[in-house]
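A short worksheet on the structure shown next.
Atoms considered below: every heavy atom in the structure, side chains included; atoms not considered: hydrogens, waters and symmetry mates. By convention here, the first residue in the shown sequence is residue 1.
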Amino acid sequence: MSSLVRSVRLKGSEKYGRWGELIFQDFIGIDVNFATTESLHDGFFGDPRFRPHYFQQRMLQSGRLGRKSGGGYYDYEQ
């Protein structure tokens, strides 16, 4: 595991348990996270606080969906 992954894990541990936010998104799938965030944004009548980040959409378009595709924010060995 790279030092970047370890540092993200440590920095996010107080809010997301053992995992950082990006590792968690890779685990559940960026496509699932994006759909959930988009639904939340629509449910709150387009409130900009809940708008999905454009980087999530770019990852989705490029096919980097997390662990299930072999790479998301981090690369995983197949």
- request: Calculate, to the nearest 0.5 Å, the distance between atoms CG and CG belonging to Asp42 and Asp47 respectively.
  value: 11.5 Å
- prompt: Looking at His41 and Phe50, what are the two nearest heavy atoms and their distance?
  reply: CB-O, 3.3 Å
task: Find the distance between CG (Asp26) and NZ (Lys68) and round it off to the nearest 0.5 Å.
output: 10.5 Å
query: To the nearest 0.5 Å, how far apart are CD in Glu21 and CD in Gln25?
result: 5.5 Å
message: Show the nearest heavy-atom pair for residues Phe34 and Pro52, with the distance to one decimal.
response: CE1-CB, 3.5 Å
query: In Å, rounded to the nearest 0.5 Å, how long is the span from CZ of Arg49 to CG of Leu40?
result: 10.0 Å
message: Do Leu22 and Met59 sit in one hydrophobic cluster, given that two such residues count as connected whenever their side-chain heavy atoms are within less than 4.5 Å of each other, even indirectly?
response: yes
message: For Ser69 versus Gly63, what's the shortest heavy-atom pair and its separation?
response: OG-O, 3.5 Å
- prompt: If you group Ile, Leu, Val, Met, Phe, Trp and Tyr by side-chain heavy-atom gaps below 4.5 Å, do Phe55 and Ile23 land in one group?
  reply: yes
message: Please determine whether residues Val32 and Leu60 belong to a single hydrophobic cluster, defined as Ile, Leu, Val, Met, Phe, Trp and Tyr linked transitively by side-chain heavy-atom distances below 4.5 Å.
response: no
- request: Could you check if a side-chain atom of Phe24 sits within less than 4.5 angstrom of a side-chain atom of Asn33, using non-hydrogen atoms only?
  value: no
- request: Tell me, please, which residues at least two apart from Asp75 pass side chain to side chain contact (heavy atoms under 4.5 Å, CB included).
  value: Arg64
query: Out of curiosity, Asp31 CG to Thr36 OG1, how far, rounded to the nearest 0.5 Å?
result: 9.0 Å
query: Rounded to the nearest 0.5 Å, how far does CD of Gln56 lie from CD of Glu38?
result: 9.5 Å
query: Hey, quick one: are Tyr74 and Phe27 part of the same hydrophobic cluster, counting side-chain heavy atoms closer than 4.5 Å, chains of contacts allowed?
result: yes
